[in-house]
Number of protein chains: 2
Amino acid sequence: MRIVADARSITERLLTSDEVAAVFRVDPKTVVRWAREGRIAGIRTPGGRLIRYRESDVRAALEVPAVEAVSA
Amino acid sequence: MRIVADARSITERLLTSDEVAAVFRVDPKTVVRWAREGRIAGIRTPGGRLIRYRESDVRAALEVPAVEAVSA
DNA sequence: CATAACTGGGGTAATTGGGGAA
DNA sequence: AATGTCCCAATTACCCCAGTTA
């Protein structure tokens, strides 16, 4: 009998800076800056050198309209 | 302040290095290194060689934001 | 025209991953 | 067969700065 553990059940898939950069068509360096400045939610790995992004957070960032809704 | 009972029961699910690596999208060797350097809580099995991780500790590590420290 | 904000290039330091031996 | 450890090159993120846009 083989025990198959599904560790991913505790989290949704995380994306790398390169993957997010590919989505937005920008340089990975720019994505990292966004994460550092809080413009997009990012997770720091225990080592501190890598940043990962929740798919839902990236999706949320993609849904920001280019034009503000009619204001005032 | 509020004292909460330790939720880490003896029945809590333990994850392997490979599983934790899959969650963070890193190499299993990197997770082992994190545990050895104390960057993430790891448990040595009685055999002394294998390392296991509490799901709650992994969840905690996943909540570390990438944003720079924002002073009040 | 000057100012302000964002992006990407180059160099650097620390972390990460590959290969192999235990 | 599988997991963790060691050595070393590769990768990643940070800092400074120039180019572009509004």
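Below, read A as the first sequence line, B as the second, and so on, with proteins coming before strands; counting in each chain starts at 1.
Taking 4.5 Å as the limit, some side-chain heavy atom of B:Leu62 sits within range of a side-chain heavy atom of A:Leu14. Looking at heavy atoms from C-beta onward, A:Arg13 lies in side-chain contact with B:Arg25 at the 4.5 angstrom threshold. A:Thr30 has its side chain out of reach of A:Phe24: every pair of non-hydrogen atoms, C-beta onward, lies at least 4.5 Å apart.
Atoms CG and NZ, from A:Asp18 and A:Lys29 in turn, are 12.0 Å apart once rounded to the nearest 0.5 Å.
Nucleotide C:dA14 holds its C1' atom 14 Å from the CD1 atom of A:Ile51, rounded to whole Å. B:Arg33 places its CZ atom 14 Å from the P atom of D:dC8, with the value rounded to the nearest Å.
Side-chain atoms of B:Arg44 do not come within 3.5 Å of backbone N or O of B:Leu50 as any donor-acceptor pair.
Under the 4.5 Å side-chain heavy-atom criterion for ILVMFWY residues, a single connected hydrophobic cluster contains both A:Ile40 and A:Val26. Placement of A:Ile43 and A:Val20 in two distinct hydrophobic clusters is found when ILVMFWY residues are connected by side-chain heavy-atom separations under 4.5 Å, directly or transitively.
If B:Ala66 and B:Arg52 are placed on DNA chain D by their nearest nucleotide, the residue sitting closer to the 5' end is B:Arg52.
A:Arg36 has no side-chain polar atom (N or O) that falls below the 4.0 Å cut-off from OP1 or OP2 of D:dA13. Note on A:Trp34: a side-chain N or O is less than 4.0 Å away from OP1 or OP2 of C:dT7.
Nucleic acid contact for B:Thr16: none, since no nucleic acid atom lies under 4.0 Å from a heavy atom of the residue.
Judged by distance alone with a 3.5 Å cut-off, no donor-acceptor contact links the side chain of A:Arg49 to the base of C:dT16.
The stretch residues 46-65 of chain B participates, sequence neighbours left out, in no ring-ring contact (aromatic ring centres under 6.0 Å, His included) pair at all.
Annotation: proximity of residues 19-32 of chain A to DNA chain C (heavy atom, distance under 4.0 Å) is found for A:Val26, A:Asp27, A:Lys29, A:Thr30, numbered in ascending order. Contacts between residues 37-45 of chain A and DNA chain C, counted as heavy-atom distances below 4.0 Å, involve A:Arg39, A:Thr45.
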Point to revise | Chi angles and distances behind the salt bridge (Lys or Arg N to Asp or Glu O under 4.0 Å) call for B:Arg59, B:Glu63 | key: CA-CA 7 Å; B:Arg59 286 179 189 285; B:Glu63 290 173 9; over 6 Å; no
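The partner of C:dA21 cannot be assigned: no Watson-Crick or G-U wobble pair with both contacts below 3.5 Å exists in any strand. As the counterpart of C:dC1, no nucleotide is assigned, since no Watson-Crick or G-U wobble pattern has both distances under 3.5 Å.
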